[in-house]
Amino acid sequence: MCGIVGYVGYRQAMPILIDSLKRLEYRGYDSCGLALMDQNIQVYKDVGRIEWMEGNLPRCNSCMGIGHTRWATHGIVSKTNAHPHVDCSEKIAVVHNGIIENFQALRDKLTEEGHTFVSQTDTEVIPHLVEKYYNGDLVSSVKRALQDIRGSYAFILMLRGDTRLIVGRKESPLVIGLGDGENFIASDVPALLEYTDRFIYLEDGDLAILS
Ligand code: GLU
């Protein structure tokens with residue numbers, strides 16, 4: 001199982017993401033990671049427990065970020081394979097639960113086209129596909145990338161300099177938590193009960209924008 005979380009609002013994102021990830025620990029995981037929107041996207045990952053990663057995190061005042069607990073399906077349990085994953089220019093960061101069935105064909109094609117992969121995961125094709133199709137319109141490039149993907153997913157994606165989280169699901173759970181001046185996203189309601197009691201459950205094929 002494992003889990004994903006995201007936050008965009010006015011509070012510091014890091015403690016909220018850590019807290020929400022801990023509330024998803026019951027789902028099991030082997031590694032974890034965060035990406036925070038700063039001038040650049042800052043990515044922090046670790047193998048093992050969220051507490052271990054937490055102990056090594058620098059101070060960060062960012063009000064927007066995404067988090068992940070991984071249950072490895074493609075690629076060994078390692079820091080490199082932990083999420084978030086990014087594109088070549090590190091401007092797009094993605095966390096993902098699920099399996100991209102046609103990842104090898106996509107990876108081969110993207111590699112031929114000049115993209116450089118650093119992990120063994122199926123997930124890493126997502127940021128590279130969005131990078132490939134990005135034409136200044138993030139939502140349409142995500143939609144275009146999803147057309148190429150076969151498999152199951154719940155994902156959260158962010159783009160450097162953009163104040164939105166793009167989220168979507170297919171055969172993997174995802175719920176939006178609504179706040180006032182802030183919004184949350186997670187694999188499951190318990191992650192967010194501390195912050196809101198207003199939820200929107202996404203359905204298969206849904207794509208949503210959190211701002
Ligand atoms: N298939 C992805 C991986 O192996 C995501 C696994 C998960 O759902 O945590 O990294």
Side-chain angles (χ1 to χ4, degrees), residues 1-7 17-18 20-35 41 43-54 65-88 90 92-111 115-131 142 145-146 148-158 165-175 185-192 201-207:
M1 290 245 280
C2 46
I4 59 179
V5 298
Y7 174 80
L17 296 172
I18 293 283
S20 306
L21 282 179
K22 285 181 180 168
R23 292 171 194 273
L24 293 178
E25 280 189 308
Y26 72 92
R27 296 163 66 87
Y29 65 103
D30 52 48
S31 50
C32 52
L34 296 179
I41 293 178
V43 175
Y44 310 101
K45 307 175 180 194
D46 215 337
V47 171
R49 299 192 62 78
I50 296 162
E51 285 84 356
W52 304 349
M53 175 176 75
E54 191 181 3
I66 58 181
H68 189 261
T69 47
R70 178 173 187 236
W71 191 261
T73 65
H74 292 63
I76 58 167
V77 177
S78 70
K79 195 166 169 172
T80 307
N81 286 340
H83 301 209
H85 290 288
V86 297
D87 66 316
C88 297
E90 299 180 12
I92 295 163
V94 176
V95 289
H96 161 238
N97 284 158
I99 291 174
I100 310 298
E101 284 160 13
N102 59 337
F103 88 97
Q104 192 62 58
L106 293 172
R107 182 178 171 128
D108 291 348
K109 183 147 192 289
L110 286 160
T111 303
H115 292 258
T116 304
F117 284 76
V118 298
S119 81
Q120 303 161 320
T121 64
D122 51 339
T123 299
E124 199 184 347
V125 298
I126 303 176
H128 288 284
L129 274 177
V130 176
E131 176 181 38
V142 172
L146 291 178
D148 287 358
I149 287 173
R150 282 204 321 273
S152 61
Y153 52 78
F155 72 85
I156 314 173
L157 180 147
M158 62 184 195
L165 296 177
I166 313 297
V167 308
R169 71 155 275 183
K170 184 173 166 244
E171 295 161 24
S172 211
L174 207 49
V175 59
I185 182 92
S187 306
D188 201 359
V189 164
L192 305 180
Y201 292 89
L202 295 190
E203 293 181 13
D204 276 352
D206 280 351
L207 200 66

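Each residue takes its place number in the sequence, starting with 1. Computed from a predicted model, the values in this text were never measured in an experiment. Every number for a ligand or one of its atoms is a count from 1 in the order of the listing.
- Relative to atom 3 (C) of ligand 1, the option among Glu124, His85, Arg70 with the closest non-hydrogen atom is Arg70.
- Annotation for ligand 1: atoms under 4.0 Å from non-hydrogen atoms of His68 are 9 (O).
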* Kindly determine whether Asp46 and Lys79 satisfy salt bridge (charged side-chain N to carboxylate O under 4.0 Å, His left out), including the steps that lead there. => CA-CA 5 Å; Asp46 215 337; Lys79 195 166 169 172; 5.3 Å; no
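- Here's the thing with Asn81: none of its N/O atoms is less than 3.5 angstrom from an N/O atom of ligand 1.
- Residue contact check: His83 has heavy atoms under 4.0 Å from atoms 2 (C), 3 (C), 5 (C), 10 (O) of ligand 1.
- A 4.5 Å side-chain heavy-atom check between Lys45 and His85 finds at least one atom pair inside the cut-off.
- For Thr73, heavy-atom contacts with ligand 1 shorter than 4.0 Å involve the backbone as well as the side chain.
- Between Phe117 and His128, the ring planes are tilted. Angles from 30° to 60° get that label.
- Of the N and O atoms on the side chains of Asn81 and His74, not one donor lies less than 3.5 Å from an acceptor on the other residue.
- Evaluated for a side chain to side chain contact (heavy atoms under 4.5 Å, CB included) with Phe155, the options Val95, Ile100, Val142 yield exactly one hit, Val142.
- Contacts between Asn97 and ligand 1 below 4.0 angstrom, taking non-hydrogen atoms only, involve backbone and side chain alike.
- In summary, the atoms of ligand 1 found under 4.0 Å from a heavy atom of Cys2, numbered by their order in the structure, are 7 (C), 8 (O), 9 (O).
- Considering both main-chain and side-chain atoms, Gly98 comes within under 3.5 Å of ligand 1 through a nitrogen or oxygen pair.
- For Asp204 against Ser172, the heavy-atom pair with the smallest separation is OD1-N, 4.4 Å.
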